[in-house]
Amino acid sequence: MKRTSSFLFLICLVSAMGGLLFGYDWVVIGGAKIFYEPFFDIENSAAMRGWAMSSALIGCLVGALLSGAWSDRYGRKKMLIAASFLFVASAVGTGAVDSFAWFVIYRIVGGFGIGIASNVSPVYIAEVSPASVRGRLVSLNQLTIVLGILMAQLANWGIGAYFTAGTDTLSDTGIEWAWRWMFWAELIPAVIFFLLSFLIPESPRWLAAENRSAEAGKIMERIGGESYARQTLAELESLAVTKGEPVHWSALTRPGIRKVLVIGIVLAIFQQWCGINVIFNYAHEIFSAAGYAVSDVLMNIVVTGITNVLFTFVAIYTVDRWGRRALLFVGSAGLALIYLILGFGYFMEISGWPMLLLVVLAIACYAMSLAPVVWVVLSEIFPVRIRGMAMALATFFLWVACFVLTYTFPILNEAIGAAGTFWLYAAVCLAGFLFIRSQLPETKGKTLEELEKDLTE
């Protein structure tokens, strides 16, 4: 059992490297912008600066949407290989270009990889994991995302410090090379992910759905033993899955599927509209409004990154013990309360460490609940034959919601102030709490096949 547990952990860890690259590629541009903006001479163009920052989202949306049908047709493993190749190509190309147009193209390529990885990595982990540890192992993907974010923050800080050492101004050498090395640093984990993704097995549940039960059984035996393999294959057979036939998007409109799909899409949107990502995307504005100087803002960003990592471990430890609903209740209700207090702090013009403490508490609450658990639930609730497409659609809406959140924060902040903005996010969190309470059943401890029967009948 020790050997099979090690095998399971290792293949999940390889798949979760998609999350690591997702986190790194998404965040690295924030530290690189101070160097590439003067290089491409876009400092005085808000539109060009915004396009540089947001262009990867185009690739995210397309990658998330297309990867679902592709992963249902060609398998989860091939899509993980494709994502790893795109990360390698993006890292090499983005750092090598001298043209802003090509810079944007390679950012879109990286976004395409993010879209695929954000869809396929949690699905693969869910499909290879026994029910008793599935939540913990899918949460591993979120852990690698936040580790990737922290890795990018540290790489940006280290490379930026090297090229600006001893000076308060940007040197020509720094403008020419610093941003390139920030993107090239991604090559190390990207190449490792690319090589290792060839060594992991295909998802046994996808193989079984493709009428390749013998291959699926061998992989399941390595994961959980002969008894586990027999029982899982029998449950798959009992679902009367139509094997080997193409699956079309129209399958998502069936009555039993529609309900599950709505739950998945609402959770995906809620994970973004709960508002926490504005703290990462607009950290400078948020901490400046709380009275912090620029030098202190950089330190505070590192504090939030470390908090994000530490409390993801809390989720990994509790998700299979407390259950998904309990953690989602903690996250939605906890954030609503923290945002109410945070908004009051801005309204009363409180500054300094109390505001930093509230921001850290919000990130801790999110990291142990909505951040990992929504991905766990999305990877669990959809039937095997349409899991890739349904997950893709939910992920697509997640990225759309991410764009809307990021785009509207400056507008809301200007219109109703920081206090009103966070009070609005508190209302969203309360609505999310009520939706989870009324619509989402507990999925802890149930096999994917049991969940398919319970949720679609």
Side-chain angles (χ1 to χ4, degrees), residues 23 27 30-31 139 142-143 145-147 149-154 156-157 270-318 322 326-374 405-406 409-410 412-413 416-430 432-433:
V27 168
S139 297
Q142 178 64 25
L143 175 63
I145 291 174
V146 298
L147 287 173
I149 291 172
L150 186 59
M151 184 185 299
Q153 292 170 335
L154 293 173
N156 288 342
W157 173 77
F270 175 50
Q271 192 207 48
Q272 296 301 307
W273 283 3
C274 75
I276 202 71
N277 278 337
V278 301
I279 294 175
F280 292 108
N281 294 334
Y282 295 98
H284 181 270
E285 289 89 337
I286 290 170
F287 287 125
S288 295
Y292 282 96
V294 173
S295 58
D296 295 324
V297 168
L298 296 176
M299 178 196 71
N300 292 346
I301 290 173
V302 173
V303 170
T304 60
I306 293 172
T307 302
N308 204 13
V309 171
L310 292 178
F311 278 84
T312 301
F313 281 106
V314 176
I316 292 173
Y317 179 78
T318 57
W322 296 4
L327 286 177
L328 291 175
F329 287 156
V330 168
S332 53
L335 283 176
L337 179 61
I338 293 168
Y339 286 157
L340 283 173
I341 301 172
L342 189 61
F344 178 78
Y346 280 116
F347 183 77
M348 298 300 295
E349 298 184 352
I350 297 172
S351 61
W353 69 264
M355 301 300 281
L356 174 61
L357 178 61
L358 286 169
V359 169
V360 169
L361 285 174
I363 290 172
C365 185
Y366 178 77
M368 67 172 286
S369 59
L370 294 173
V373 178
V374 166
L405 177 82
T406 306
F409 176 75
L412 290 170
N413 201 25
I416 60 177
T421 301
F422 280 101
W423 285 337
L424 178 61
Y425 295 153
V428 171
C429 290
L430 178 60
F433 175 88

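Just so it is clear, the values below take in all heavy atoms, side chains as well, and ignore hydrogens, waters and symmetry mates.
Here Asn308 contributes atom CG and Leu147 contributes atom CG; the two are 9.5 Å apart, rounded to the nearest 0.5 Å. For the atom pair Ile341 CD1 and Leu358 CG, the distance stands at 6.0 Å (nearest 0.5 Å). Between atom CG of residue Leu357 and atom CD1 of residue Ile338 there is a gap of 9.0 Å, rounded to the nearest 0.5 Å. Atom CD1 of residue Ile276 and atom OG of residue Ser369 lie 9.0 Å apart, to the nearest 0.5 angstrom. Atoms OH and CH2, on Tyr317 and Trp322 in that order, are 9.5 Å from each other to the nearest 0.5 Å. One distance of note links OH of Tyr339 with CG of Leu424; it measures 11.0 Å at 0.5 Å rounding.
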- Can Val27 and Leu150 be said to form a side chain to side chain contact (heavy atoms under 4.5 Å, CB included), step by step? CA-CA 9 Å; Val27 168; Leu150 186 59; over 6 Å; no
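Residues passing the side chain to side chain contact (heavy atoms under 4.5 Å, CB included) test with Ala419, sequence neighbours excluded: Tyr346, Phe347, Trp423. Residues that satisfy the side chain to side chain donor-acceptor pair (under 3.5 Å) test with Gln142, not counting sequence neighbours, are absent from this structure.
Heavy atoms only, all atoms of each residue included: Pro372 and Ala367 are closest at CD-O, 3.2 Å. Considering all non-hydrogen atoms of both residues, Phe270 and Val428 come closest at CE1-O, 3.6 Å. Considering every non-hydrogen atom in both Gln272 and Leu405, the closest pair reads O-CD2, 3.3 Å. Closest approach of Val373 to Leu327, counting heavy atoms only: CG2-CD1, 3.8 Å. Annotation for Cys365 and Val330: closest pair SG-O, 3.6 Å, computed over non-hydrogen atoms. Considering every non-hydrogen atom in both Thr307 and Val360, the closest pair reads OG1-CG1, 3.6 Å.
The backbone N or O of Leu335 sits nowhere less than 3.5 Å from a side-chain atom of Tyr425 that would complete a donor-acceptor pair.
Contact of the Val374 side chain with the Leu328 side chain is registered, since non-hydrogen atoms from C-beta on lie closer than 4.5 Å.
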